[in-house]
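Remarks on the structure that follows.
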Amino acid sequence: MEVPRRPQPSSFTLALPKPLGAIQKVAKKDPVEEKLQEKDGTTEKNQFGEETFSTEEKSGVSVLVETSAETSEIEDSNTSTVTDSKLSSQDSFSEFESSISEERLAQEAEEAKKKSEEEEAAAKERAAQRQLLAIEELVHSEKNYLRLLQLSTVTIRSNLQKLQPPPANLDSMFLYIDEVIEVSSRFLSMLDQKQVQPGDPRFLEMLCDSFLSLSSDIEAAYKEYLAHYNHITVVENSYKQKEGLWNEIVKVIKASAPDVNATSLSFFLVMPVQRIARYPLLLQTIQKHTDQAHPAYALLEQTAHTSIALNCRINEYKRFREVADKYKKTETLTIKDKINRLNSHSIAKKTARLSQQIKHETGIAPKLVDEEFDAVEGFFYVLEHGILQLLENVETYLHHLQGFLACKTEEFDFDMDGEKAPICYKEITTALRQWILPTFEKRMRTLIHKPLCALRDLLVGPRNLIRKRLDKLLDYEVIEAKSNLSYEEQAVANTYRTINTLLLNELPQFNGLALQMIWSMLGTFSCLHKDLASDMEQLFQSFAQQLPHSSLSPGAFWEWAESTVLQGARSLETLCRSVEDTLNAPVVQPLSPSFQRRLKQLTDKHGSGKIYQVIGTVVGSRDLDLNLTKGELVAIISEADSRGDKRRWLVDAGGKRGYAPSSKLIRYHQPAEDPPPSPHLTLPDGVTGLRRHSYTPESRPLTVVSQPCFQVMAAYDFTARGNHEVTVRAGEPVRVLEPHDKRGNPEWSLVEVRGGQRGYVPSNYLTIMPMGMGPPPAGFLQSF
Amino acid sequence: MSWIPFKIGQPKKQIVSKTVERDFEREYDKLQKLEDQTKKLHKDMKKSTEADLAMSKAAVKISGDLLNNPLCEQDQAFLESMTALDTAMKRMDTFNQEKVNQIQKTVIDPLKKYSGVFPSLNMAVKRREQALQDYKRLQSKVEKYEEKEKTGPVMVKLHQAREELRPVREDFEAKNKQLLDEMPKFYHSRIDYFQPSFEALIRAQVVYFTEMYKIFSELTDQIDQAGLTDEQRERETEAKLSELRALSIVADD
C-alpha cells in the first residue's frame with residue numbers, strides 16, 4: 001500500500017491516441033455523468049461496479065494505479081477538448097486552400113487572425129471551463145465519497161451488528177473511519193457555507209484555504225486510518241473464511257446499499273485509502289488548467305505540494321508503524337516452533353550478532369555508543385522496574401487487605417447484650433467490613449491497581465523494540481563500514497535507523513507519561529488513605545462517645561484499661577489454680593492397715609522425703625524389675641539403675657528391692673505435712689508448688705490399729721494350710737499379735753482368734769472396723 | 001457424658017437430683033459455648049491484627065521501594081514527593097504498631113488468658129463425672145449388701161463398703177457443689193473481664209485514625225491534585241493511557 005511520493009505529472013498529460021469520436025463521446029459524457037450521479041443511481045452503480053472489481057481483490061498498489069488511471073481518464077477528456085479545437089482550425093485550413101484571391105487571402109488572413117483571436121478567447125474560456133470541471137469534480141467526488149462512507153458506517157454497520165451472532169471484531173473495522181468522515185464533512189461544509197459558487201474565481205482560493213487549514217487534521221485522521229487498514233483486510237479475510245457469515249454479510253451490504261454494486265466491506269473501507277492519494281492528483285489537474293496569472297495560482301501550487309507532502313508523511317508514518325508492529329509484539333513460540341524456525345539464514349544472522357557482541361565485550365571492536373539513546377533506555381528500564389515493583393507491592397497490600405476483611409471479628413457471641421462496649425464494637429466492625437473497607441478496596445482497584453496493570457502491559461512494546469534495536473544495531477555495525485550496500489543490507493540499515501528514530505522520538509514521551517501516571521497514582525493512593533481515615537475516624541469517634549469511660553483522658557483511660565485487664569488476669573489465675581487444686585484431686589481411698597504399716601516401715605527406714613507412690617500397675621519385664629500394684633508405696637534408694645539409666649529407679653517396696661520405671665512413681669506427701677487446701681479462691685502462693693500433684697491425699701488416714709474403738713476383723717475366709725496358720729471366717733474378730741511374720745515380712749500377721757488359737761493369716765485378709773459401725777450381733781462382741 | 005466404657009450397676013437410690021443435674025448441664029453448656037466463642041474471637045483477632053500489620057508493612061514497602069528506585073535521582077520533584085510519601089507511610093506504620101501493641105495488651109492477651117481457663121474447668125468437670133461414677137458404683141455395692149440377709153460376713157462387707165463409699169461421696173459432693181458454685185461465677189465474670197478490652201479496642205482505633213487522617217491530609221495536600229472525583233481521576237488515567245497507546249512503539253492488545 002504505497003502512496004506515490006511524488007506523482008509524475010507527465011504521465012497524466014500524455015495524450016493517448018484514441019479514436020476521436022470516442023474521445024469526444026467521453027468528453028461530453030463525463031460532465032453529464034457527473035451531474036447525473038447525483039440524481040440517477042443506476043449509472044452510478046455501473047460506474048462503481050467496474051471500480052469494485054478492481055478494488056476488491058487487488059492490493060493497495062493496484063488500487064492506486066486504478067485511481068490514477070481514473071484521473072488520467074479525466075485528463076483524457078480534457079485533452080480531447082484540446083484536440084477538438086485543433087480540429088476546427090484544421091477545418092479552416094481547408095477553406096483557405098479552396099480560395100485563390102489574395103484579397104480574399106488577406107481577408108482570410110484577417111479573418112483567420114480574428115478567428116484565432118476568437119479561438120484564443122474560446123480556448124481561454126474552455127480552459128476556464130475545464131478548470132471549473134476539475135474543481136467540480138473534486139467537490140462532487142468528495143460529496144459522493146462522504147455519502148458512501150456514511151452509508152457504510154451508519155447503515156451497513158448497524159445492520160451488520162444485528163446479525164446473529166454479530167461478527168467478531170466488527171467494531172475494530174470501523175475504528176478510525178469516524179475521524180475521516182468528520183474531517184471530510186468539515187472540508188465540504190467549509191466549501192459549502194460560503195456564498196461563493198464554484199464558478200467564482202474566489203472559490204479556488206477558498207478551496208485552497210480550506211484544504212490548507214484542514215491539512216493537519218486530514219493528516220492525523222488518515223494517518224491512523226491507513227495504518228489501521230491492514231487490520232481491516234485481515235478481519236475481512238477472516239470473515240471470508242466462514243462462508244455462511246460472509247454470505248450473510250454480502251446480503252446485508254447489498255440490501256443496505258442497493259444503489260452501488262458493492263460486494264464487500266472493503267469496497268467502502270478502502271475509499272479513504274484511495275481518496276487521500278487522489279487529492280494531489282485532483283489538485284494538480286486544477287493547477288494545470290489554471291492560468292498562471294490566476295490570483296490563486298500560487299496558493300493552489302502550495303496546496304498541491306502540501307497534499308503531496310501529506311501523503312509522504314502518511315507513508316512514512318505507516319512505514320514506522322509497520323516496523324514497530326513487526327518487532328514490538330512478543331512472540332509466544334514453543335521450543336518446537338523455534339527449532340522449526342531455525343534455518344541457515346537465521347542461524348547465520350544470530351551467529352553474526354553473537355560474534356559482534358563478543359567482540360564488543362572483549363574490546364576487539366568498538367561499540368557504537370549513542371548516549372542520548374542510552375540515557376532514554378536507562379530511564380525506561382528504571383521506570384519498568386519501578387512499575388513492576390509498585391504493582392507487586394500494591395498487590396501484596398490488596399492481598400493483606402482481603403485477609404483483613406476475611407476476619408469476621410464481629411461474629412462472636414459473648415451473651416453480653418446489655419453491655420455498651422461490645423455492641424459498639426460489633427456495629428463498628430460491621431460497618432467497617434461491609435461498607436468502608438470494601439469501598440476503599442474497590443477504589444484502590446479501579447484507581448490504582450487497574451491502571452498499573454494496564455501500564456505494565458504497555459511496557460512490552462518498548463521493551464521488545466529496545467531488544468530488537470540492539471540486534472539490528474549489531475547487524476548494522478557489521479555493514480556500516482561498507483561503502484556499497486546490497487539491497488538486503490540497505491534494508492537492514494534502514495530497519496535499524498527506523499527503530500532507532502522511533503525509540504528516540506517516542507521513548508522519552510513514553511517515559512514522561514508513565515512517570516506522570518505513577519505520580520498521580522500515588523497522589524490518589526494518599527487521597528484514598530485520607531478518605532479512609534476520615535471515614536474511620538468519624539465512625540469510631542461517634543461510637544467512642546457512647547462508651548462508659550469516654551470521659552477519661554487518653555492517659556487515664558489506658559491506665560484504667562491496663563489495670564483492669566491485669567486485675568482480671570489475676571482473678572482468672574486464682575480461679576484456675578483453685579479449680580486445678582481442689583476439683584482435680586483424686587478420690588482418696590482409705591489406707592489399708594498393710595498400707596499403713598508399709599508407710600511407717602519405709603518412713604522409718606528411708607525418711608519421709610523418699611516415699612513415692614505407684615500411679616499405675618507395674619509389671620516387671622526385666623531382671624530385678626518389681627511387680628507393683630497401683631497405689632503401693634515404695635521408697636527410693638537410687639534415682640537411677642546400675643547403668644545410670646534415669647528412667648529406672650531402684651526402690652524398696654517394703655522388703656523387696658528392685659527396679660521400677662520412674663514415670664510410674666510420684667512423690668507421696670504425708671498427710672500430716674499438708675493441711676487440706678481450702679476449696680476457695682484465695683490461696684497463699686507458697687503452697688502451690690507442692691500442690692500440683694493430683695495424688696495428694698485430702699484427709700487423714702482413717703485409723704490406727706491400737707485405737708480402742710476399732711476392732712480388727714477378718715474380711716475374708718481363710719483356711720489354714722499348715723499348723724502355723726490359723727483358719728478364720730469372714731467377719732470374725734481377731735487380735736493382731738504381730739503385724740509381720742518371723743522374718744519381718746508384713747504380708748503375714750500373727751493373730752489370735754476366738755478361743756485363743758494363734759497362727760498366721762495374710763495381712764490383707766484383715767480389715768479394721770470401728771466399734772460402733774454396723775450392727776454386729778451382740779453375742780459376737782460379748783464372746784470376744 | 002459416659003466416658004466409662006462399661007457401666008457398673010446403677011444404684012437404685014437417686015444420688016443426684018434431676019434439678020441439680022439439669023442446672024449443672026445448663027451451666028456447663030453455657031461455658032462450652034463461651035469457650036468456643038472466646039477461641040473464635042481470639043483467633044479472628046489475632047489474624048486480623050496480623051493482616052493489619054502486614055497491610056501497613058506493605059504500604060511502607062510501596063513507598064520505600066519507590067524511594068530507593070533510581071527514578072528519584074532523575075527528578076528532584078519526584079524525589080520530594082516520594083520522600084513525603086515514605087515519611088507518611090512510616091509514621092502511619094509507627095502509629096499502627098502502637099495501636100496493635102495496645103490491642104495485643106488489652107484485647108488479645110486477655111482473650112488468650114480467658115480461653116486458658118477452660119481446659120482446667122473441663123478437666124474438673126471430667127473429674128466430677130469420674131467421682132460420680134465411683135460414687136454410683138459404691139452406692140450400688142452398699143445397696144446390694146443392704147438387701148442381703150444380715151449375717152456376720154455380710155455385715156462386715158457392708159461396713160467395708162460403707163467405709164469405702166463415704167470418702168467417695170464426700171469427694172463427689174464437694175466437687176459438685178464447688179462446680180455448681182464456680183461455673184456461674186466464672187460465666188458472669190466475662191462481662192467485667194471483657195469490658196475494658198472492647199473499650200480499649202475502640203479507643204485505640206480512634207487515636208490511630210485521627211493520627212492517620214492528619215498525616216494523610218498533609219500528604220494529600222502535598223502530592224495530590226486536590227478535589228478530584230473518582231470519575232475525573234479515571235478519565236485522566238484513561239486519557240494518559242490512550243496517549244501511551246497511540247505511540248507507535250506501544251503494542252496495544
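Order of the sequence lines sets the chain letters (A, B, ...), proteins ahead of strands, with each chain counted from 1.
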Counting heavy atoms not belonging to B:Lys30, are there more than 12 under 6.0 Å from its NZ?
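Yes, enclosed.
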Inspect the surroundings of NZ in B:Lys47 and state if more than 12 heavy atoms from other residues, nucleotides or ligands are less than 6.0 Å away.
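Atom NZ in B:Lys47 is not crowded, with 12 or fewer foreign heavy atoms closer than 6.0 Å.
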Side chain from CB out, backbone as N, CA, C, O: work out which of these in [X] comes under 4.5 Å of a heavy atom of chain B, or both, or neither.
{"X": "A:Leu447", "value": "side chain"}
{"X": "A:Ile428", "value": "side chain"}
{"X": "A:Ile466", "value": "neither"}
{"X": "A:Leu401", "value": "both"}
{"X": "A:Leu455", "value": "both"}

Go through [options] and name the one with the most non-hydrogen pairs under 4.5 angstrom from chain B.
{"options": "A:Ser526, A:Gly568, A:Ala406", "answer": "A:Ser526"}
{"options": "A:Ala714, A:Ala227, A:Gly378, A:Pro548", "answer": "A:Pro548"}
{"options": "A:His399, A:Met521, A:Lys408, A:His385", "answer": "A:Lys408"}
{"options": "A:Phe525, A:Phe320, A:Phe510", "answer": "A:Phe510"}
{"options": "A:Glu224, A:Glu573, A:Gln516, A:Arg729", "answer": "A:Gln516"}
{"options": "A:Gly523, A:Ala730, A:Gly461", "answer": "A:Gly523"}

Side chain, backbone, both or neither: which part of [X] has a non-hydrogen atom closer than 4.5 Å to chain A?
{"X": "B:Asp75", "value": "side chain"}
{"X": "B:Thr38", "value": "both"}
{"X": "B:Phe78", "value": "both"}
{"X": "B:Ala77", "value": "both"}
{"X": "B:Ile191", "value": "both"}
{"X": "B:Phe186", "value": "side chain"}

Hey, are the side chains of [X] and [Y] touching, using non-hydrogen atoms and a 4.5 Å cut-off?
{"X": "A:Pro451", "Y": "B:Lys240", "value": "no"}
{"X": "B:Arg203", "Y": "A:Trp558", "value": "yes"}
{"X": "A:His529", "Y": "B:Met92", "value": "yes"}

Leading residue by heavy atom contact count with chain A [cutoff under 4.5 Å; candidates [options]]:
{"options": "B:Leu241, B:Thr237, B:Asp36", "value": "B:Leu241"}
{"options": "B:Gln205, B:Lys113, B:Met212", "value": "B:Gln205"}
{"options": "B:Lys40, B:Glu238, B:Met45, B:Arg190", "value": "B:Arg190"}
{"options": "B:Glu234, B:Lys105, B:Glu50", "value": "B:Lys105"}
{"options": "B:Lys43, B:Glu170, B:Lys57, B:Met55", "value": "B:Met55"}
{"options": "B:Leu244, B:Ile223, B:Val117", "value": "B:Leu244"}

Could you pull out all residues at least two apart from A:Tyr317 that satisfy ring pair (Phe, Tyr, Trp, His ring centres under 6.0 Å)?
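A:Tyr317 satisfies ring pair (Phe, Tyr, Trp, His ring centres under 6.0 Å) with no other residue.
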Test ring pair (Phe, Tyr, Trp, His ring centres under 6.0 Å) applied to A:Tyr716 - qualifying residues, sequence neighbours left out
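So A:Tyr716 forms a ring pair (Phe, Tyr, Trp, His ring centres under 6.0 Å) with A:Tyr765.
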Would you give the length of the straight line joining atom [atom1] of [X] to atom [atom2] of [Y], rounded to the nearest 0.5 angstrom?
{"X": "B:Glu243", "Y": "A:Gln509", "atom1": "CD", "atom2": "CD", "answer": "8.0 Å"}
{"X": "A:Met517", "Y": "B:Glu236", "atom1": "CE", "atom2": "CD", "answer": "10.0 Å"}
{"X": "A:Leu539", "Y": "B:Phe209", "atom1": "CG", "atom2": "CZ", "answer": "9.0 Å"}
{"X": "A:Leu383", "Y": "B:Leu71", "atom1": "CG", "atom2": "CG", "answer": "5.5 Å"}
{"X": "B:Leu66", "Y": "A:Leu522", "atom1": "CG", "atom2": "CG", "answer": "5.5 Å"}
{"X": "B:Lys46", "Y": "A:Cys407", "atom1": "NZ", "atom2": "SG", "answer": "12.0 Å"}

On a heavy-atom basis, which atom in [X] and which in [Y] lie closest, and how many Å separate them?
{"X": "A:Gly386", "Y": "B:Asn69", "value": "CA-ND2, 3.0 Å"}
{"X": "A:Glu506", "Y": "B:Ile249", "value": "OE1-N, 3.0 Å"}
{"X": "A:Tyr425", "Y": "B:Ile202", "value": "N-CD1, 3.8 Å"}
{"X": "B:Glu199", "Y": "A:Trp560", "value": "OE2-CH2, 4.0 Å"}
{"X": "B:Pro110", "Y": "A:Val565", "value": "CG-CG1, 3.4 Å"}
{"X": "A:Gly403", "Y": "B:Ala51", "value": "C-CB, 3.9 Å"}

Verify the ring-centre separation between B:Phe198 and A:Phe412: is it less than 6.0 angstrom?
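Judged by ring-centre distance (under 6.0 Å), A:Phe412 and B:Phe198 do meet the cut-off.
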